[in-house]
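Only one structure is covered here, and it is reproduced in the block below.
Position 1 is the first residue of the sequence; numbering continues from there.
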Amino acid sequence: MAVTLVCAGCLVRRHKLDRAARPNAPLLTASLDELTGILRERYDSFETLNATVDLEPALLSSSKGEIAEYKDVLGYILFRKPSSIRVIALYPVVRTTAFDMVSDGHSFRLYLPGKNLFLIGLNRIEKPSPKKLENLRPEHLLDALLIRPPDPPSERAVFENWAEGGEPSYIVHIIRREAPGRLDLARNIWFDRTSLEIHRQQVFDAQGNITSDARYGEWERRGGVLYPKQIIVTRPKEEYELSIRFEKATFNQPISREKFDLPEPPGVKVERINGGASAKPSGGGGGG
């Protein structure tokens, strides 16, 4: 892991992706249809994921208080298409819960036991919390885990042969039709030209700002599914970065809907994001 501290308020990168160097490898050639075919095959190859991972969040500033609280945690990720995801993180050594969060693709529920706090709200963040790790959303991991191919009714793809920076790449630019006469850049997906493996995905908002920048490494095939063992997700707006390293992964085994329920524990403080806050202790509740 690379750590660099700079002046207060400046952004830093704390994680480094392990990518095998291929300085003398020949460059491979692919058409746009072949690259989008790779995206479609990867996306269609799995329906569920049950994984044990190492998680390491970092703040994109020189402040270190919250980084120390959530450093090097063991995590579990459950996913079921189209958009159900749950992420549980445990502290090192004691293995108590650091956070537990679920999303159905529209709303989320986040439990922070150490703060006796339970957050409920929509996935979109209208006003980021100054406590940056409270801006974690399951959807942010979903954006990185699911490298979606172009959706023909609403999206078109073009590609670029990029050769700068010592990493020759094909970049597939996915353009979204928002309204008649209006086109927005939705995603950039980078393919390593020495292997045609995906090594980066950038997701953009309607103003052209990067909302998610995910980097991938150590692709491995398991049970017919090709997946990256390491992902680093940078969220510039929420000012955090998350390193994910897969230790175990099982694909396409049944996962029941109940696994994605997260009720509020009795006595916890509940705050409702995008809809006011409740300071009253909860007596328990239904799942998300």
For side-chain contact (heavy atoms from CB on, under 4.5 Å), just list the numbers for L242 and R235, CA-CA rounded to whole Å, side-chain angles, deciding distance to a tenth of an Å, and then say yes or no. CA-CA 8 Å; L242 184 64; R235 301 284 306 192; over 6 Å; no
Going only through I, L, V, M, F, W and Y residues with side-chain contacts under 4.5 Å, is there a path from L27 to W162? no
Are any side-chain N or O atoms of S107 and backbone N or O atoms of L122, one a donor and one an acceptor, separated by less than 3.5 Å? no
Taking C-beta and beyond as the side chain, do Y170 and L196 meet within less than 4.5 Å on heavy atoms? yes
Is it true that R245 and E218 have a side-chain N and a carboxylate O under 4.0 angstrom from each other? yes
Between L226 and S45, does a side-chain contact (heavy atoms from CB on, under 4.5 Å) hold up when you go through it step by step? CA-CA 8 Å; L226 198 61; S45 66; over 6 Å; no
Answer yes when E155 and R187 have at least one side-chain N-carboxylate O distance shorter than 4.0 Å, and no when they do not. yes
Taking all atoms of both residues into account, what is the closest heavy-atom pair of Y91 and V73, and its distance? CA-CG1, 4.3 Å
Non-hydrogen side-chain atoms of L141 and V233 separated by less than 4.5 Å: no
I want to check something: taking the side chain as every heavy atom from C-beta on, are P149 and T36 in contact at a cut-off of under 4.5 Å? no
Closest heavy-atom contact between Y76 and V53? N-CG2, 4.3 Å
Is it true that, when you exclude R156 itself, more than 12 heavy atoms of the residues, nucleotides or ligands shown sit nearer than 6.0 Å to its CZ? no
Please report the shortest heavy-atom distance between R109 and L262, naming the atom on each side. NE-O, 2.7 Å
Mind checking whether F246 and Y227 have parallel, tilted or perpendicular rings, split at 30° and 60°? perpendicular
Nearest heavy-atom neighbours spanning E139 and S103: OE1-OG, 3.7 Å
From the list H199, R200, Q201, side chain to side chain donor-acceptor pair (under 3.5 Å) partner of Y216 resolves to Q201
Any link between W190 and L185 through a network of hydrophobic side chains (Ile, Leu, Val, Met, Phe, Trp, Tyr) touching at under 4.5 Å? no
Which residue, D100, D104, D261, forms the salt bridge (Lys or Arg N to Asp or Glu O under 4.0 Å) with R86? D100
As an exercise, state the distance from CZ of F108 to CD1 of I85, rounded to the nearest 0.5 Å. 14.0 Å
Linked, directly or transitively: L90 and L110 (ILVMFWY side chains, under 4.5 Å): no
Beyond-backbone contact of T29 with R193, side-chain heavy atoms, under 4.5 angstrom: yes
Go through the steps to decide whether I38 and R42 satisfy the test side-chain contact (heavy atoms from CB on, under 4.5 Å), and finish with yes or no. CA-CA 6 Å; I38 291 172; R42 300 278 176 88; 4.0 Å; yes
Measure the shortest side-chain to side-chain distance between N188 and E160 over non-hydrogen atoms and say whether it is less than 4.5 angstrom. no
Could you check whether any side-chain N or O of D192 sits under 3.5 Å from a backbone N or O of E167, counting only pairs where one atom can act as donor and the other as acceptor? no
How far does CD of E47 sit from CD1 of I255, to the nearest 0.5 angstrom? 11.0 Å
For T48 and Q253, indicate whether the former's side chain and the latter's backbone hold a donor-acceptor pair under 3.5 Å. yes
Do any N or O atoms from the side chain of R177 and from the backbone of L183 form a donor-acceptor pair under 3.5 angstrom? no
Please determine whether side-chain contact (heavy atoms from CB on, under 4.5 Å) holds for the pair R148 and I174, giving the CA-CA distance in whole Å, both sets of side-chain angles, and the decisive distance to 0.1 Å. CA-CA 10 Å; R148 293 181 172 89; I174 298 178; over 6 Å; no
Distance (rounded to the nearest 0.5 Å) between F251 CZ and L49 CG: 5.0 Å
Note, Y43 side chain near I147 side chain (heavy atom, < 4.5 Å): no
Can you confirm whether I244 sits close enough to L145 that some side-chain heavy atom of one is under 4.5 Å from a side-chain heavy atom of the other? no
Can you tell me if D213 uses its side chain to pair, donor with acceptor, with the backbone of Q202 under 3.5 Å? no
Gap separating the CD1 atom of I210 from the OG1 atom of T234, nearest 0.5 angstrom: 9.5 Å
With distance as the sole test, does T97 use its side chain to make a donor-acceptor pair with the main-chain N or O of F99 at under 3.5 Å? no
Is a donor on one side and an acceptor on the other found under 3.5 Å between the side chain of T211 and the backbone of V203? yes
Between L78 and K259, which heavy-atom pair has the shortest distance, and what is it? CD1-CB, 3.9 Å
Could you tell me whether F191 and F159 have their ring centroids closer than 6.0 angstrom? no
Hydrophobic clusters here meaning ILVMFWY residues chained together by side-chain heavy-atom distances under 4.5 Å, can you tell me if L117 and V87 are in one? yes
Same apolar cluster (I L V M F W Y, side chains within < 4.5 Å links), V172/I175: no
Using 0.5 Å steps for rounding, measure from the CD atom of Q230 to the CZ atom of R215. 12.0 Å
Just by modelled atom types, is the R176 backbone N or O under 3.5 Å from a matching donor or acceptor in the D151 side chain? no
Closest non-hydrogen atom pair between I232 and S243, with its separation: CG1-OG, 4.2 Å
Donor-acceptor pair, K269 side chain versus K115 backbone, under 3.5 Å? no
Report the distance from atom CG of L39 to atom CD of E41, rounding to the nearest 0.5 Å. 10.0 Å
